[in-house]
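Report on the structure given below.
Hydrogens, waters and symmetry mates play no part in the numbers below; they use all other heavy atoms, side chains included.
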Amino acid sequence: MSAAWTRKEGKNPAGGLNAAGRASYKAETGGTLRPPVKAGDNPRRASFLARMGNMMGPMTEPDGDPTRLALSLKAWGASSKEDAQQKARAISARNAKGR
């Protein structure tokens, strides 16, 4: 049987992985995944939003349901790819100004 992070029980219905999915990922690969940062000027949030805002692919499935990409962006506080890119730039600018 495959690891929980690759199956439905390891995925958060709202996007990303749940605690069981993150634990199974760590057990299988040794990598450490942390939960989403939903608000604030955390550099990790800016990095994620910048990466995911440039991802290829649609925001909705053919049946109208949101894709995993759309759900992940929503979990990190962005409503669209464009919104993610704007938020990433704004967070990065605020972090650079504060140094």
Side-chain angles (χ1 to χ4, degrees):
M1 183 175 251
S2 60
W5 68 276
T6 63
R7 298 188 321 267
K8 186 175 182 177
E9 55 268 13
K11 295 180 180 178
N12 184 337
L17 297 176
N18 58 26
R22 289 189 299 272
S24 73
Y25 180 83
K26 184 172 185 168
E28 185 172 304
T29 67
T32 302
L33 299 176
R34 297 187 304 194
V37 178
K38 298 178 189 297
D41 287 348
N42 188 313
R44 192 167 70 89
R45 180 172 180 236
S47 176
F48 177 86
L49 291 173
R51 268 193 332 272
M52 297 304 275
N54 288 311
M55 292 288 289
M56 301 281 284
M59 292 290 285
T60 58
E61 298 286 352
D63 63 2
D65 290 339
T67 60
R68 296 295 298 172
L69 171 61
L71 293 172
S72 292
L73 286 173
K74 184 177 178 188
W76 285 75
S79 59
S80 66
K81 292 180 193 181
E82 294 79 20
D83 184 41
Q85 292 168 351
Q86 289 173 350
K87 286 184 181 197
R89 282 192 293 272
I91 292 168
S92 294
R94 285 192 299 268
N95 286 340
K97 187 184 266 189
R99 288 184 189 159

- Note on the structure: What one should report as the nearest heavy-atom pair of Pro36 and Ala75 is CB-O, 3.9 Å
- Message: Does the plane of the ring in Tyr25 sit parallel, tilted or perpendicular to the ring in Trp5? Use 30° and 60° as the thresholds.
- Response: perpendicular
- Partners of Arg68 by side-chain hydrogen bond (donor to acceptor under 3.5 Å, both in side chains), sequence neighbours excluded? none
- Message: For the backbone of Met55 and the side chain of Lys81, can you confirm whether one donor and one acceptor N or O come within less than 3.5 Å of each other?
- Response: yes
- Item | Nearest non-hydrogen partners of Met59 and Leu73, listed with the distance | CE-CD1, 3.9 Å
- Query: Out of curiosity, Arg45 CZ to Lys38 NZ, how far, rounded to the nearest 0.5 Å?
  - Reply: 10.5 Å
- With no hydrogens and no angle check, is any side-chain donor or acceptor of Ser24 less than 3.5 Å from a backbone partner on Gly21? yes
- Are Phe48 and Val37 co-members of a hydrophobic cluster defined by side-chain heavy atoms under 4.5 Å apart? yes
- Interatomic spacing from CD in Gln86 to OG in Ser79 - rounded to 0.5 Å: 8.5 Å
- Query: Any idea which heavy atoms bring Lys11 and Asn18 closest together, and the distance?
  - Reply: O-ND2, 3.7 Å
- Item | Heavy-atom closest contact (Ala78 atom, Leu49 atom, distance) | CB-CD2, 3.8 Å
- Task: Not counting sequence neighbours, which residues clear salt bridge (Lys or Arg N to Asp or Glu O under 4.0 Å) with Glu61? List them please.
- Result: none
- So, the side chain of Ser92 versus the backbone of Ala88: is there a donor-acceptor pair under 3.5 Å, distance only? yes
- Minimum-distance pair of heavy atoms, taken over all atoms of Pro66 and Leu71: CG-CD2, 3.9 Å
- Item | Lys87 side-chain N/O to Gly77 backbone N/O, donor-acceptor pair under 3.5 Å | yes
- In short, Trp76 meets Arg44 closest at the heavy-atom pair CH2-NH1, 3.5 Å
